[in-house]
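Positions are given from 1 along the sequence.
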Amino acid sequence: MPILPSSPTPDEPHRARQAAESFGADAERYDRTRPRYPQALVDRILSDVPGREVLDVGIGTGVSARPFRAAGCRVLGVEVDPRMAAFARRDGFEVEVAKFEDWHTAGRTFDLVISGMTWHWVEPAAGAAKVAKVLRPNGRLATFWNVGQPPPELAQAFSAVYERILPDTPFASAPSDALAAYERILTQAADEIRAVGAFGEPQRWQVDWEQPYDTDQWLDQVPTFGGHSRFPPATLRRLLDGIGAAIDGAGGRFTMRYAAVVLTARRGPGST
């Protein structure tokens, strides 16, 4: 199903701070199970930046940062959750714990600012303004999300489980087009980037890819979705049992179609 921000105010997910800061409850599981990003996405982003100094906003456990490090970048992470930051540090990343909007830049600048699966948790106007301050001339902001869409019959079955057990969450409804669920987030982010006046016109593109899952693999990932770590254990168990039964009923495995969606903009050539 679409990996949606679990928020009581879906139009403004950045206000749902408890959900935004819940992912570190099981950082090891998050790192083990969350989908990676296709190499084509990383290559395209890096093909048009002036250097290899990267700031990762919401680095988490390092899922988004690793392919950039592997490509020769030096990555500094900013992460609001100290548990996630500690995990990334164990993997060798330098991470500063702060809410990005409040993070102290100490005069540092970067060639590229990335944000994988996290920009919707940042207040759009303040986040765009902060990025404009830390990007070097002709540097680039690249925010990206993995948007997943299971086979239609499973999407309906998953939604039915949530509707029965957790009817008041965004997961209880499965849009026929998963990308449509992100449209408001992407549009608002692009509008705020334009409003800063320091960037060229935002661009949006995507890389489509697929990943197979069996029942156990998918159930291992479900607890990492936004807000799920805050569900009562008995409720989460019922949820996993229902989702597992749906996958088993479909043959015990399925292929998730992902769209790695990128919203990007170049910093103007003027001074920072």
Side-chain angles (χ1 to χ4, degrees), residues 2-7 9-10 12-27 29-31 33-37 41-42 45 54-69 73 75-89 91 93-103 110 112-131 134-135 140-148 170 181-182 184-186 188-190 192-193 202 204 206 221 224-229 258-265:
I3 300 176
L4 302 173
S6 178
S7 166
T9 54
E12 297 182 298
H14 62 275
R15 297 188 184 279
R17 297 310 307 175
Q18 287 184 321
E21 297 169 18
S22 70
F23 298 101
D26 192 346
R29 180 194 298 269
Y30 185 99
D31 191 75
T33 65
R34 277 300 183 108
R36 274 37 182 176
Y37 298 98
L41 175 150
V42 177
I45 291 171
V54 178
L55 176 68
D56 189 340
V57 177
I59 191 173
T61 61
V63 171
S64 55
R66 286 187 197 111
F68 289 89
R69 181 175 64 184
C73 297
V75 183
L76 171 66
V78 177
E79 173 56 46
V80 70
D81 190 324
R83 300 165 297 183
M84 302 286 265
F87 191 104
R89 286 173 181 147
D91 192 26
F93 289 104
E94 181 182 355
V95 185
E96 298 180 7
V97 177
K99 183 180 175 182
F100 179 62
E101 299 92 320
D102 302 330
W103 173 63
F110 303 85
L112 173 66
V113 175
I114 62 172
S115 181
M117 292 298 294
T118 56
W119 193 251
H120 53 274
W121 299 121
V122 177
E123 197 286 317
K130 177 67 72 72
V131 170
V134 301
L135 269 181
R140 182 168 292 278
L141 167 64
T143 66
F144 42 91
W145 292 262
N146 269 320
V147 183
Y182 284 79
R184 188 180 297 273
I185 290 171
L186 291 163
Q188 183 180 23
E192 296 297 350
I193 290 169
R204 190 192 304 185
Q206 72 184 61
Q221 185 182 158
T224 73
F225 295 166
H228 280 49
S229 66
Y258 284 105
V261 182
V262 181
L263 179 68
T264 182

### Results of ring pair (Phe, Tyr, Trp, His ring centres under 6.0 Å) for Tyr37 - residues two or more places apart only
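Tyr37 satisfies ring pair (Phe, Tyr, Trp, His ring centres under 6.0 Å) with Phe144 once adjacent residues are dropped.
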
#### Entry: Results of ring pair (Phe, Tyr, Trp, His ring centres under 6.0 Å) for Phe100 - residues two or more places apart only
none

### Query
Could you go step by step and tell me if Tyr30 and Met84 meet the side-chain contact (heavy atoms from CB on, under 4.5 Å) rule?
CA-CA 9 Å; Tyr30 185 99; Met84 302 286 265; 3.8 Å; yes

#### Entry: Lys/Arg-Asp/Glu bridge criterion (N-O < 4.0 Å) met for Arg66, Asp56
no

### Salt-bridge contact Asp91-Arg69 (side-chain N to carboxylate O under 4.0 Å)
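Salt bridge: yes.
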
### Task
Sequence neighbours left out, what passes side chain to side chain contact (heavy atoms under 4.5 Å, CB included) with Ser115? Give chain and number order.
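For Ser115 the side chain to side chain contact (heavy atoms under 4.5 Å, CB included) partners, ignoring immediate neighbours, are Val57, Thr118, Trp119, Thr143.
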
### Task
For side-chain contact (heavy atoms from CB on, under 4.5 Å), just list the numbers for Val97 and Glu79, CA-CA rounded to whole Å, side-chain angles, deciding distance to a tenth of an Å, and then say yes or no.
CA-CA 5 Å; Val97 177; Glu79 173 56 46; 5.6 Å; no

### Task
Mind checking the CG-CZ spacing from Asp26 to Phe87? Nearest 0.5 Å is all I need.
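The distance works out to 9.5 Å.
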
### Task
Find the distance between CG (Leu76) and CD1 (Ile59) and round it off to the nearest 0.5 Å.
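Leu76 atom CG to Ile59 atom CD1 measures 7.5 Å (nearest 0.5 Å).
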
### Query
Sub-3.5 Å donor-acceptor pair from the side chain of Glu101 to the main-chain atoms of Glu123, do we have one?
yes

### Donor-acceptor contact below 3.5 Å, side chain Lys130 vs main chain Trp103
yes

### Message
Could you work out, with salt bridge (charged side-chain N to carboxylate O under 4.0 Å, His left out) as the rule, every residue matching Arg89, not counting sequence neighbours?
### Response
none

### Query
Quick one: are Ile114 and Leu141 in side-chain contact, heavy atoms under 4.5 Å?
no

### pair Leu135-Val113: side-chain heavy atoms closer than 4.5 Å
yes

### Task
Not counting sequence neighbours, which residues clear side chain to side chain donor-acceptor pair (under 3.5 Å) with Arg36? List them please.
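Checked Arg36 against side chain to side chain donor-acceptor pair (under 3.5 Å); zero matches.
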
### Message
Run the side chain to side chain donor-acceptor pair (under 3.5 Å) test against Thr264 and tell me which residues pass, sequence neighbours left out.
### Response
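Checked Thr264 against side chain to side chain donor-acceptor pair (under 3.5 Å); matches are Arg140.
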
